[in-house]
Amino acid sequence: MNKWTVLLLATLTTPAAAEGLAPGKWQHETKTLSAEVPGVPQWVVKMFAGNSSRKSCYTAQQAATRPEALLTQDDAAVCTKRRFSLAGGKIVYDTFCTNKRFPEGLLVASKGSYTADSYEISTLTTGTKNGEPVKIVTTGFGRRTAATCR
């Protein structure tokens, strides 16, 4: 066996790197671009709109079984995943969520891009509150800050 055959066999038997977001400690930033929420005056929306941040621990188990967990911002929300794809550097994530503030539920539709250690996303959230339309537009990004959560 020559060195080229050995190199080819090594390449063919080496597992490909797992595609997706790497486990570890993450920092997330979200910017609200606009929000139309019934019963909430625009001056309140403007006061609370802007930047928000959060930290999370994304485990290897979540990466393997629930990769969308990294993008979920409200732990008190009950969400039903409608569509999720994390492939070829592109994110597509649609989910329907209810929480204390929005018991009628909201469709959260996100698209973006990612590497193993970062993502950028744009989200359109639509639904109703007290029978009136809700529309919230945000952008966000996340960066892995450590390989472990300790």
Side-chain angles (χ1 to χ4, degrees), residues 1-37 40 45 48-129 132-150:
M1 210 181 286
N2 68 32
K3 68 179 179 180
W4 297 112
T5 305
V6 171
L7 181 60
L8 177 62
L9 287 174
T11 302
L12 292 175
T13 59
T14 302
E19 186 164 10
L21 298 158
K25 189 177 191 179
W26 283 76
Q27 174 70 36
H28 311 269
E29 304 291 332
T30 301
K31 181 174 183 163
T32 301
L33 302 178
S34 66
E36 299 167 20
V37 181
V40 180
V45 170
F48 289 102
N51 297 327
S52 65
S53 64
R54 66 183 175 90
K55 293 178 182 179
S56 70
C57 177
Y58 186 54
T59 67
Q61 182 179 5
Q62 287 173 317
T65 62
R66 276 192 56 229
E68 71 278 6
L70 183 68
L71 304 175
T72 303
Q73 294 187 34
D74 182 355
D75 291 334
V78 176
C79 298
T80 303
K81 180 174 62 174
R82 295 167 47 112
R83 178 171 59 157
F84 182 77
S85 173
L86 199 63
K90 302 289 182 200
I91 299 169
V92 177
Y93 180 34
D94 294 346
T95 187
F96 185 80
C97 298
T98 59
N99 64 19
K100 185 177 169 181
R101 291 175 305 213
F102 297 98
E104 296 172 50
L106 298 172
L107 176 60
V108 183
S110 303
K111 290 184 180 181
S113 59
Y114 73 93
T115 68
D117 296 320
S118 67
Y119 70 86
E120 293 185 18
I121 201 161
S122 296
T123 301
L124 173 61
T125 301
T126 57
T128 59
K129 181 172 182 164
E132 294 184 48
V134 171
K135 181 180 176 184
I136 303 168
V137 179
T138 61
T139 60
F141 69 89
R143 303 280 181 261
R144 189 168 80 133
T145 58
T148 63
C149 295
R150 296 173 196 215

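Because the structure is predicted, anything quoted here is derived from the model rather than measured.
When all heavy atoms are compared, the tightest approach of S110 to I121 is CB-CD1, 3.4 Å. Of all non-hydrogen atoms in P103 and T98, the two that sit nearest each other are O-CG2, 3.6 Å. Taking both residues in full, the closest heavy atoms of C57 and Q62 are given as O-OE1, 3.4 Å, listed atom of the first, atom of the second, then distance. Summarising the geometry of P67 relative to L86, their closest heavy-atom pair is CB-CD2, 4.4 Å, with the distance given to 0.1 Å. Counting all heavy atoms, side chain and backbone alike, Y114 lies closest to L21 at CB-CD2, 3.9 Å.
If you take NZ on K135 and OG on S34, they are separated by 6.0 Å, rounding to the nearest 0.5 Å. Here the CZ-OG distance, from F141 to S53, works out to 9.0 Å after rounding to the nearest 0.5 Å. One finds the OG atom of S113 at 11.5 Å from the OH atom of Y119 (value rounded to the nearest 0.5 Å). To the nearest 0.5 Å, atoms OG1 (T145) and CH2 (W26) are separated by 9.0 Å. To the nearest 0.5 Å, the span separating OG on S56 from CD on Q27 amounts to 8.5 Å. One finds the CG atom of N51 at 8.5 Å from the OG1 atom of T139 (value rounded to the nearest 0.5 Å).
The closest side-chain heavy-atom distance from P133 to E36 is not below 4.5 Å. Between T59 and P23, the closest side-chain pair of non-hydrogen atoms is not below 4.5 Å. Taking the side chain as every heavy atom from C-beta outward, L70 and H28 approach each other to under 4.5 Å. A 4.5 Å side-chain heavy-atom check between L107 and R82 finds at least one atom pair inside the cut-off. Side-chain contact between R143 and S118 is present, with heavy atoms from C-beta onward closer than 4.5 Å. Side chains of T123 and L71 form no contact here, defined as non-hydrogen atoms less than 4.5 Å apart.
In this structure, the side chain of T95 engages the main chain of T80 through a donor-acceptor pair within 3.5 Å.
The local environment of CZ in R83 is sparse, with at most 12 non-hydrogen atoms from other residues, nucleotides or ligands closer than 6.0 Å. Other residues, nucleotides and ligands contribute over 12 non-hydrogen atoms within 6.0 Å of the NZ atom of K129. With a 6.0 Å radius and a threshold of 12 heavy atoms from other residues, nucleotides or ligands, R54 has its CZ atom above the threshold.
Among the candidates V108, T126, T125, the single residue satisfying the side-chain contact (heavy atoms from CB on, under 4.5 Å) test with I136 is T125.
The aromatic rings of F84 and Y93 stand perpendicular to each other, their planes meeting at an angle above 60°, with 30° marking the opposite boundary.
T128 and E104 are linked by a side-chain donor-acceptor pair at a separation below 3.5 angstrom, with hydrogens and angles left out of the test.
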